[in-house]
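Heads up: the structure comes next, in structure tokens.
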Number of protein chains: 2
Amino acid sequence: MSGNSRLCVAVHVLTWMALDRRDPAAVATSQRIAVSVNTNPVVIRRCLGQLREAGLVQSRRGAGAGWSLAREPESITLLDVYLAVGDDEPLFALHHSPPSQSCPVGFGIQPALRQVFGRLDEAVRRELATTTIADMLLDVLARQP
Amino acid sequence: MSGNSRLCVAVHVLTWMALDRRDPAAVATSQRIAVSVNTNPVVIRRCLGQLREAGLVQSRRGAGAGWSLAREPESITLLDVYLAVGDDEPLFALHHSPPSQSCPVGFGIQPALRQVFGRLDEAVRRELATTTIADMLLDVLARQP
DNA sequence: CTGAATGTAACCGTAACTGTTACGACTGAC
DNA sequence: GTCAGTCGTAACAGTTACGGTTACATTCAG
């Protein structure tokens with residue numbers, strides 16, 4: 001069980017919403033979504049809260065409330081989702097306690113690593129930007145038995 | 001403090017060894033390396049153990065023992081290091097508990113995500129393969145005050 | 001033999017995440 | 001206005017992983 005699965009859950013939720021909204025009578029509640037993701041509604045609400053802050057979904061409160069996509073699935077890339085749920089946490093971490101500044105390697109290694117890790121992050125983002133929620137939905141539907 | 005910093009420490013260690021071996025009289029011990037990384041010698045030994053399993057370094061036991069690079073710094077890429085210290089843990093995790101298989105999205109989302117995550121991993125590896133320990137050492141030395 | 005270093009196992013404290021319960025806030029339906 | 005259903009959020013428990021530390025057996029040059 002490695003790290004966090006927020007990106008996974010967020011993509012699942014958005015893909016589910018993209019499919020569900022094809023039924024005009026359907027109302028997307030955290031309860032219904034939680035059944036598909038097989039988790040707790042609060043986990044879904046936490047996730048959707050982050051997606052709302054990023055402007056990807058909207059919520060309505062009160063009776064008959066629920067969630068809806070704020071943008072077309074074709075316009076939501078996985079990079080948008082990644083940025084929405086990622087807490088600025090870098091993909092690879094630097095040293096816990098800073099290395100010895102009196103050692104040449106200890107002095108220069110962190111800037112050098114930051115540059116490398118920056119390129120890694122950039123590569124990941126480029127790749128994430130190539131897929132949209134609409135692509136995911138198509139892919140998911142093509143895999144039905 | 002996000003996730004693990006093993007790749008960071010491993011690159012630091014190897015870069016340090018690449019510099020240290022320029023002095024023929026120097027002996028690379030986990031104690032000396034730990035001073036530069038600013039951590040415990042056991043942490044360094046654990047890291048070097050993984051690097052040895054991958055054939056990147058060698059160890060000598062007994063009195064006057066220590067560590068040495070098993071390959072030229074120019075031939076060790078950061079991908080080699082990543083593969084050596086990475087415990088098969090994927091960069092992005094799938095669901096903790098499998099999603100509902102009776103929901104179309106829950107059924108197809110995991111294979112779809114696996115494909116996407118595979119492309120992400122591939123992008124990271126491609127980028128890691130472009131830098132060697134020798135490159136890191138040059139970069140580090142260029143940053144000295 | 002002696003000392004210095006590796007190789008490991010064991011344990012602790014911390015941090016993060018998921019899952020869960022609980023409860024207040026909001027709002028459409030009646 | 002009341003009610004019921006949902007969001008919003010705080011709080012807590014359980015699990016996991018990691019870094020750090022101590023301890024000790026193992027190995028080997030001198």
Side-chain angles (χ1 to χ4, degrees), chain A residues 1-10 12-13 17 20 25-35 37-53 57-68 70 85-99, chain B residues 1-10 12-13 17 20 25-35 37-53 57-68 70 85-99:
Chain A
M1 194 181 312
S2 74
N4 67 352
S5 56
R6 261 171 307 188
L7 179 61
C8 168
V9 171
H12 184 153
V13 167
M17 292 174 70
D20 188 63
V27 177
T29 66
S30 60
Q31 174 59 49
R32 289 183 62 222
I33 304 178
V35 170
V37 183
N38 190 22
T39 182
N40 194 287
V42 175
V43 175
I44 302 298
R45 289 204 287 269
R46 276 201 286 246
C47 173
L48 282 165
Q50 293 183 289
L51 298 179
R52 182 185 45 208
E53 284 175 25
V57 303
Q58 295 169 327
S59 68
R60 244 183 35 247
R61 306 183 63 166
W67 302 82
S68 55
V85 301
D87 341 77
D88 63 8
E89 303 253 350
L91 227 39
F92 298 94
L94 291 179
H95 304 63
H96 280 198
S97 38
Chain B
M1 193 181 311
S2 73
N4 68 353
S5 56
R6 261 171 307 187
L7 179 61
C8 168
V9 171
H12 184 152
V13 167
M17 291 174 72
D20 188 63
V27 177
T29 66
S30 60
Q31 174 61 48
R32 290 182 61 219
I33 304 177
V35 170
V37 182
N38 190 22
T39 183
N40 194 289
V42 175
V43 175
I44 301 299
R45 288 205 288 269
R46 275 202 284 245
C47 172
L48 282 165
Q50 293 183 290
L51 298 178
R52 181 186 46 207
E53 283 175 25
V57 303
Q58 295 168 326
S59 67
R60 247 185 29 248
R61 305 183 63 165
W67 303 82
S68 54
V85 301
D87 340 76
D88 61 12
E89 304 253 351
L91 229 37
F92 298 94
L94 291 179
H95 305 63
H96 280 200
S97 39

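The model shown is predicted, which means the values in this text are computed figures rather than measured ones. A, B, ... follow the sequence lines: proteins, then strands. Residue 1 opens every chain.
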Any side-chain N or O of A:Thr29 less than 4.0 Å from the OP1 or OP2 oxygen of D:dC7?
no
Partners meeting side-chain hydrogen bond (donor to acceptor under 3.5 Å, both in side chains) with B:Arg60 (sequence neighbours left out):
none
Measure from CH2 on B:Trp67 to P on C:dT6 and round the result to the nearest Å.
7 Å
For atom CG of B:Asn4 and atom P of C:dA16, their distance in whole Å:
14 Å
Under 4.0 Å between any heavy atoms, over every strand shown, what does A:Arg52 touch: base, sugar-phosphate, or nothing? Just pick one.
sugar-phosphate
Does A:Thr39 have any side-chain hydrogen bond (donor to acceptor under 3.5 Å, both in side chains) partners at least two apart in sequence or in another chain, and if so, which?
none
A:Ala70: which residues meet the side chain to side chain contact (heavy atoms under 4.5 Å, CB included) condition with it, sequence neighbours left out?
A:Gln58
Gap between atom CE of A:Met17 and atom CG of A:Leu51 - 0.5 Å precision:
8.5 Å
Contacts of A:Arg61 that satisfy side chain to side chain contact (heavy atoms under 4.5 Å, CB included) - sequence neighbours left out
none
For every nucleotide of nucleotides 22-30 of chain C, 5' to 3': is a protein heavy atom under 4.0 Å from its base (B), only from its sugar-phosphate (S), or from neither (-)?
B-BBBBB--
Just the rounded figure in Å: distance from C1' of C:dG7 to CG of B:Leu48.
12 Å
Nearest to the side chain of A:Asn40 - C:dT20, C:dC17, D:dC7?
C:dT20
Once side-chain hydrogen bond (donor to acceptor under 3.5 Å, both in side chains) is applied, do any residues pair with B:Thr29, and if so which ones, sequence neighbours excluded?
none
Testing D:dG20, D:dG19, C:dG19 for proximity to the side chain of B:Ser5, the answer is D:dG19
To the nearest 0.5 Å, what is the distance between NE2 on A:His96 and CG on B:Asn38?
12.5 Å
Spacing of B:Gln58 atom CD relative to C:dG7 atom P, expressed in whole Å
12 Å
When you check the phosphate oxygens OP1 and OP2 of D:dG20, does a side-chain N or O of A:Ser97 lie under 4.0 Å from one of them?
yes
Given atom CZ of B:Arg6 and atom C1' of D:dG20, what is their separation to the nearest angstrom?
14 Å
Of all residues at least two apart in sequence or in a different chain, which pass the side chain to side chain contact (heavy atoms under 4.5 Å, CB included) check with B:Val42?
B:Asn40, B:Arg45, B:Arg46
B:Glu53 CD - C:dG7 P separation (whole Å)
11 Å
Could you measure the distance from the SG atom of A:Cys8 to the CZ atom of B:Phe92? Nearest 0.5 Å is fine.
11.5 Å
Tell me the interatomic distance from B:Leu51, atom CG, to C:dT6, atom C1', rounded to whole angstroms.
15 Å
Does the C:dG19 base have a donor-acceptor partner in the side chain of A:Arg46 within less than 3.5 Å?
yes
What nucleotide, of C:dT6, D:dG8, C:dT20, holds the atom closest to the side chain of A:Val43?
C:dT20
Identify each atom pair where a protein N or O and an N or O of nucleotides 1-3 of chain D are less than 3.5 Å apart, giving names and distance.
none

For A:Gln50 and C:dT18, what is the distance between atoms CD and P respectively, to the nearest whole Å?
9 Å
Applying the side chain to side chain contact (heavy atoms under 4.5 Å, CB included) test to B:Ile33, which of B:Val13, B:Val43, B:Val9, B:Asp20 qualifies?
B:Val13
I want to check one thing: is the phosphate of C:dT6, taken as OP1 and OP2, less than 4.0 Å away from some side-chain N or O of B:Ser59?
no
